[in-house]
Amino acid sequence: MLAGGAYTVLAPGAAAQENPPLSSAAADGKALFDVSCVSCHGRNAQGVEGRGPSLIGVGAASVEFQVSTGRMPMARQEAQAARKPEVFTRDEIDQLAAYVQELGGGPVVPAGDNLHADGNVAIGGELYRINCSQCHAFSGGGGALSSGKYAPSLRPATDRQIYAAMLSGPQNMPVFGDNQITPEQKADIIAYIQQTLKDDGDPGGLFNLGRYGPSTEGVAIFLVGIVALVFASLWIAGKS
């Protein structure tokens, strides 16, 4: 007791601060948060039941994805937040991300806009087909899920948004932390999406039917084939 009392008197600065000071960027982010986000996510981002979840521990990556894609702020509660034009500027997004990061930590997207410069497209394609194609489709066009939810198209997504989605797992998407998919593998997947799914032509011809896969192609072939057979049958019957 004497040793503890002496330590408390002689080293008062060692006591933990209840509210550590925020950095300049995080302080600016808090000002934005208090105006645009507090009604749903609550004071200090601890969440409001029935309105919005707690942001403690989600990290800057979640802010990067949700805010840079315009999904947040949401106009109303729906089955899934839809992509919209972003409300905040790039600097404001960084400030909000800094505030949420300093509140509770969490995953962070690497700096820079080009995150696939060193990616291997071939390896990325294999990883994409194993981990992503079940929901986002082989063409990256997305697809329907249950209960009104869906996997969005990857075509408008930037490198940072794809990386942030893998780290944060928005909506029904699973979280792919660095222990599941390494940063190098994430770069490979982004390289495949950006260089193959977005930029490649259509080897089958000019009419890609949305690149949604064999379902739409099968329907188109069936309809065209049936129509052709009907007209052929009528022509044969008329000639006979």
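What you are looking at is a predicted structure, and each value in this text was computed from that prediction instead of being measured.
- Note that CE of Met166 is 6.5 Å distant from CE of Met173, once rounded to the nearest 0.5 Å.
- Annotation: the span from Leu167 atom CG to Phe176 atom CZ amounts to 11.0 Å, rounded to 0.5 Å.
- Residues Pro170 and Ala165 share a closest heavy-atom pair of CD-O, 3.3 Å.
- The neighbour count for Glu126 CD, taken as heavy atoms of other residues, nucleotides or ligands under 6.0 Å away, does not exceed 12.
- Between the side chains of Arg160 and Thr158, no donor-acceptor pair is found at a separation under 3.5 Å.
- Glu102 and Ser23 are linked by a side-chain donor-acceptor pair at a separation below 3.5 angstrom, with hydrogens and angles left out of the test.
- The line from NE2 of His136 to CG of Leu154 is 5.0 Å long, rounded to the nearest 0.5 Å.
- The pair Glu92-Arg90 fails the salt-bridge criterion, with no side-chain N (NZ, NE, NH1 or NH2) lying under 4.0 Å from an Asp/Glu carboxylate O.
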Item to check | Verdict with supporting geometry, Glu184 and Lys186, salt bridge (charged side-chain N to carboxylate O under 4.0 Å, His left out) | outcome: CA-CA 5 Å; Glu184 292 78 14; Lys186 288 183 173 69; over 6 Å; no

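- Across every non-hydrogen atom of Ser68 and Ile93, the tightest pair is CA-CD1, 3.7 Å.
- Taking SG from Cys132 and OH from Tyr192, the interatomic distance works out to 10.0 Å, rounded to the nearest 0.5 Å.
- Expressed to the nearest 0.5 Å, how far CG of Leu145 lies from OH of Tyr150 amounts to 10.0 Å.
- Atom CD of Glu49 sits in a sparse spot, with 12 or fewer heavy atoms from other residues, nucleotides or ligands closer than 6.0 Å.
- Considering Asp159, Ile162, Asp188, Val121 as possible partners of Ile193, the one that fulfils the side-chain contact (heavy atoms from CB on, under 4.5 Å) test is Ile162.
- What you find for Ala81 and Met74 is that their closest heavy atoms are CB-SD, 4.0 Å.
- Leu103 and Phe65 fall into different hydrophobic clusters, defined by Ile, Leu, Val, Met, Phe, Trp and Tyr side-chain heavy atoms under 4.5 Å apart, directly or through other members.
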Item to check | Step-by-step side-chain contact (heavy atoms from CB on, under 4.5 Å) determination, Gln185 to Ile123 | outcome: CA-CA 8 Å; Gln185 291 174 327; Ile123 295 176; 5.5 Å; no

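- Salt bridge status for Arg43 with Asp34: absent, with no side-chain N to carboxylate O gap under 4.0 Å.
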Next on the checklist: Please determine whether side-chain contact (heavy atoms from CB on, under 4.5 Å) holds for the pair Gln171 and Gln66, giving the CA-CA distance in whole Å, both sets of side-chain angles, and the decisive distance to 0.1 Å.
Outcome noted: CA-CA 10 Å; Gln171 277 87 54; Gln66 299 288 356; 4.0 Å; yes

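- Going from atom CZ of Phe33 over to atom CG of Asn44 covers 8.0 Å, rounded to the nearest 0.5 Å.
- For the 3.5 Å distance criterion, the side chains of Gln161 and Arg83 qualify, holding a donor opposite an acceptor.
- Residues Val230 and Phe222 fall within the same hydrophobic cluster, defined by Ile, Leu, Val, Met, Phe, Trp and Tyr side chains chained together at heavy-atom separations under 4.5 Å.
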